[in-house]
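Pasting in a structure now, in structure tokens, and then I'll have a few things to ask.
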Amino acid sequence: MKECLKNILIIGTGGTIAGTGTTGITCHYEPGKLKLNNLIDKIPDIKSLANINYIDMFNIDSCDMSFEKISQISKYINNNIDKYDGFVVTHGTDTLEETAYFLNLVIKTEKPVVLTGAMRPSTSLSNDGCLNLYQAVALASHEESKSKGVLIAFGDSIYSARDVQKTSTYKTNAFNQKDLGCLGFIRDNKIYFYNISNKVHTVNTEFDINNIQKFPKVEIVYFYMNSDIKILKFIAQNSDGIIISCAGCGTVSTDWFEEIKNLVFEKNKIIVFSSKINNGLVNINKKFENNIICANNLSTEKSRILLTLALTKTHDISKIQEFFDKY
Ligand code: GLU
């Protein structure tokens with residue numbers, strides 16, 4: 001172990017970065033096949049960046065990630081904070097942003113926690129996983145990465161867990177923060193920060209993963225032209241909270257509007273309005289008289305994460321709105 005280098009723990013969870021398939025081909029592969037040592041061995045120079053430790057926690061397609069599995073990652077990091085200087089989590093890209101935001105709300109450290117993944121399997125031509133993992137370790141080892149919340153290293157860029165979104169189904173430059181750009185760039189192992197997220201995270205949140213026995217059931221309902229009101233009614237009967245992915249800046253049809261009024265005023269349902277645009281702000285119709293929570297610019301999927309954690313603390317609408325304004 002080199003004394004001057006930071007001790008970094010890489011936690012493997014699977015995804016395309018650990019995927020294998022036909023040599024040279026980027027599609028038709030299976031995610032979650034390689035163990036971390038196979039990946040790390042492909043990047044010899046990674047050991048000059050940091051003392052590398054690793055644990056293969058899962059090896060799954062990230063579509064099979066769950067709150068229980070993310071809790072396991074969170075608890076592992078929280079219980080091993082003193083042993084390492086920074087953490088990297090390898091993850092499938094499909095739900096990477098959801099895990100990142102969840103961790104951002106429950107991890108209790110100012111030390112860097114960085115997620116990364118890949119768009120091309122390890123067996124493809126020009127696979128991106130090796131460079132992404134190398135850069136994630138560089139970012140997790142960097143002094144300036146402290147106290148910035150959970151970060152994402154992907155495609156030579158740095159993103160915040162609060163705002164990152166997957167925006168391409170196949171390109172290696174698959175993530176961005178839409179209107180908000182990115183936090184910075186990575187060139188080889190050089191880190192360049194330009195922005196930070198103003199939102200509260202990690203050590204300053206009130207969410208404690210150790211005190212959550214059971215996660216409330218929060219579901220997303222997607223509004224689109226002629227969408228069947230029965231879907232909304234079904235979800236309302238089978239959930240503790242609902243995120244409505246509205247059109248535009250928070251709009252729905254007349255029949256949805258009437259049903260939402262009924263759910264809120266007659267059935268005391270907890271409803272958050274987000275937008276299917278996942279960019280820009282959401283407005284709430286004044287006729288709801290502050291009985292609907294506004295996601296502001298938080299994405300639909302991340303609104304679900306936040307409402308799930310919020311409902312472990314309170315059912316008070318104004319308090320939950322404060323959470324949405326703060327986180
Ligand atoms: N669906 C897989 C996953 O999220 C593959 C996508 C990826 O990692 O890029 O794990």
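FYI, side chains are in, hydrogens and waters are out, and symmetry mates aren't considered; it's all heavy atoms of this structure. Predicted model, so just to flag it, every value in this text is computed and none were measured. Order of listing sets the numbers, starting from 1, for every ligand and every atom in it.
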Given 3.5 Å as the limit, does a donor-acceptor pair link the side chain of Lys111 with the main chain of Ile81, or not? yes
Per-ligand residue contacts, ligand 1, heavy-atom threshold under 4.0 Å: Gly15, Thr16, Tyr29, Asp61, Ser62, Gly92, Thr93, Asp94, Ala118
Centroid-to-centroid, Tyr192 to Phe185, below 6.0 Å? no
Taking the inter-plane angle between the rings of Phe288 and Phe257 on a 0 to 90° scale, is it parallel (under 30°), tilted (30 to 60°) or perpendicular (over 60°)? tilted
Geometric class of the His142/Phe193 ring pair [parallel <30°, tilted 30-60°, perpendicular >60°]: tilted
Taking atom OH as the centre, does Tyr170 end up with more than 12 heavy-atom neighbours from other residues, nucleotides or ligands that are less than 6.0 angstrom away? no
Pairwise side chain to side chain donor-acceptor pair (under 3.5 Å) hits with a residue in residues 79-104, at least two apart: Ser62-Thr95, Asn80-Lys83, His91-Thr99, Thr93-Lys166, Asp94-Lys166
